[in-house]
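In what follows, every chain begins at residue 1, and chains take the letters A, B, ... in the order their sequences are listed.
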Amino acid sequence: MKLATFNINGIRSRLPSLINWLDKEQPDIACLQELKAPDSAFPEAELQDAGYGAIWHGQTSWNGVAILAKGTKPTETRRGLPGGDADTHSRYIEAAVNGLLVGCLYLPNGNPQPGPKFDYKLEWFERLIAYAQTLFDSGHPVVLAGDYNVVPTDFDIYNPRSWLKDALLQTESRECYARLLEQGWTDALRKRFPEDKVFTFWDYFRRHWETNSGLRIDHLLLSASVAPALRDAGVDKWVRGEAHASDHAPTWIELKLDTRKANDEAVKNAAKSAATRSTRSPQPAKAAKTAKAAKTAKTAKSPATKSRKTPS
DNA sequence: ATGACGACGTCTCGTCGA
């Protein structure tokens with residue numbers, strides 16, 4: 001199962017590029033940010049023709065988020081973060097797709113800082129942190145994907161020198177991101193590439209793409225039950241190299257999250273366990289002890305199996 | 001300190017992004 005996040009910087013201007021990418025890479029789920037279009041301008045029919053169902057939360061000119069799913073329409077579970085009644089920006093949308101809960105977010109940029117925009121960024125971040133805790137604690141398989149507008153460390157940028165005053169590198173921004181991770185989330189790209197420079201954004205200025213002067217600001221965070229299912233991750237850099245490209249590249253993860261298979265195995269194991277108990281009924285105490293030991297060994301060997309949840 | 005580039009709307013410049 002491939003899940004991607006892509007800040008497309010204008011869905012109308014980028015539609016041919018988006019369709020081309022979907023066609024070539026076939027993500028099962030795609031989180032989009034910066035639609036820069038009102039709800040009425042969302043290209044639902046064109047995406048349907050490309051094989052994707054969608055939910056979206058648009059806004060004139062700015063922001064805007066959407067979740068696409070191949071061959072199905074995502075089941076929307078939320079739009080906007082809790083506590084944001086006065087917030088008019090379209091920056092969060094969430095859906096269930098095949099038992100996985102997907103949060104698609106576009107965190108405020110925050111420039112210039114200091115100032116009201118940076119304050120808004122930190123406020124929004126606090127609301128995300130609070131809500132993310134409840135998601136994580138639920139034990140449900142969750143992926144929080146999007147444009148976080150945070151360069152987590154100096155290793156996540158070609159050279160921090162000319163960005164030191166930028167909102168993306170501020171200590172406050174980084175501390176918020178670190179606090180989010182401390183809840184237990186796995187930063188999938190960093191997990192997959194612990195020692196490589198990985199970029200997801202190259203600005204249009206100063207030949208930054210041509211010189212690979214990038215930033216890593218698009219992140220996919222995995223909850224405890226999803227993290228063991230991570231098989232691969234990457235950045236579709238070729239998209240950034242196309243003519244008329246967004247300044248971000250699609251960033252993706254590959255998960256082996258077959259909940260149905262996990263359920264089948266659980267049923268099989270339960271049946272086997274019951275059979276073992278019945279054959280050893282003359283020595284119930286010993287049988288229970290053996291079963292318990294076996295269970296403990298299995299859990300230690302494969303925590304992923306234990307933590308997988310049934311889709312709701 | 002500014003601007004480089006690109007999208008969008010108010011529409012040919014101003015505002016915003018990162």
Using the P atom on both, measure B:dA4 against B:dT15 and round to a whole Å.
16 Å
Base-pairing assignment for B:dC11 (Watson-Crick or G-U wobble, both under 3.5 Å)
none
Separation of A:F201 atom CZ from B:dG17 atom C1', in whole Å?
8 Å
Under 4.0 Å, counting only non-hydrogen atoms across every strand here, what does A:N149 touch: a base, just sugar-phosphate, or nothing?
sugar-phosphate
Give A:K121 one of three labels, base, sugar-phosphate or nothing, depending on what nucleic acid heavy atoms sit under 4.0 Å from its own.
nothing
Nearest-nucleotide check on DNA chain B, A:W163 vs A:A37; residue mapping nearer the 5' end is A:A37
Quantified in whole Å, what is the C1' atom distance between nucleotide B:dC8 and nucleotide B:dT2?
23 Å
For A:Y148, report the nucleic acid contact type (base, sugar-phosphate, nothing); a contact means any heavy atom under 4.0 Å.
nothing
Could you tell me how far B:dC5 sits from B:dC11 if I compare only their P atoms? Round to whole Å.
25 Å
Please determine if A:R127 and A:D87 form a salt bridge, counting it only when a charged side-chain N lies under 4.0 Å from a carboxylate O.
yes
Walk me through it: do A:I217 and A:L168 pass the test side-chain contact (heavy atoms from CB on, under 4.5 Å)?
CA-CA 8 Å; A:I217 56 178; A:L168 279 61; 3.8 Å; yes
Have a look at A:R12 and say if it touches a base, only the backbone sugar-phosphate, or nothing, with a 4.0 Å heavy-atom cut-off.
sugar-phosphate
With both distances kept under 3.5 Å, what pairs with B:dG3, Watson-Crick or G-U wobble?
none
Under a 4.0 Å threshold between the charged nitrogen and the carboxylate oxygen, would A:D147 count as salt-bridged to A:R91?
no
Provide, to the nearest angstrom, the distance between the CD atom belonging to A:Q59 and the P atom belonging to B:dC8.
14 Å
Comparing A:N7 and A:T60 on DNA chain B - which has the more 5′ nearest nucleotide
A:T60
Contact letters for nucleotides 1-7 of chain B, in which S counts primed atoms plus P, OP1 and OP2 and B counts the base, heavy atoms under 4.0 Å
--BBBSS
For B:dG3 versus B:dG14, give the span between their P atoms, rounded off to a whole number of Å.
12 Å
Please determine whether a side-chain nitrogen of the Lys or Arg among A:E254 and A:R192 lies less than 4.0 Å from a carboxylate oxygen of the Asp or Glu.
no
In whole Å, I'd like the distance from the CG atom of A:N111 to the P atom of B:dG17.
8 Å
Is it true that A:F199 and A:Y158 have ring centroids separated by less than 6.0 Å?
no
Distance check, C1' atoms only: B:dG6 and B:dT12, in whole angstrom units.
15 Å
What distance, rounded to whole Å, do you find between the two C1' atoms, one in B:dA7 and one in B:dA1?
25 Å
Are A:R216 and A:D187 ion-paired here, with the side-chain N under 4.0 Å from a carboxylate O?
yes
Before we go on, tell me: are the rings of A:H89 and A:Y106 under 6.0 Å apart, centre to centre?
no
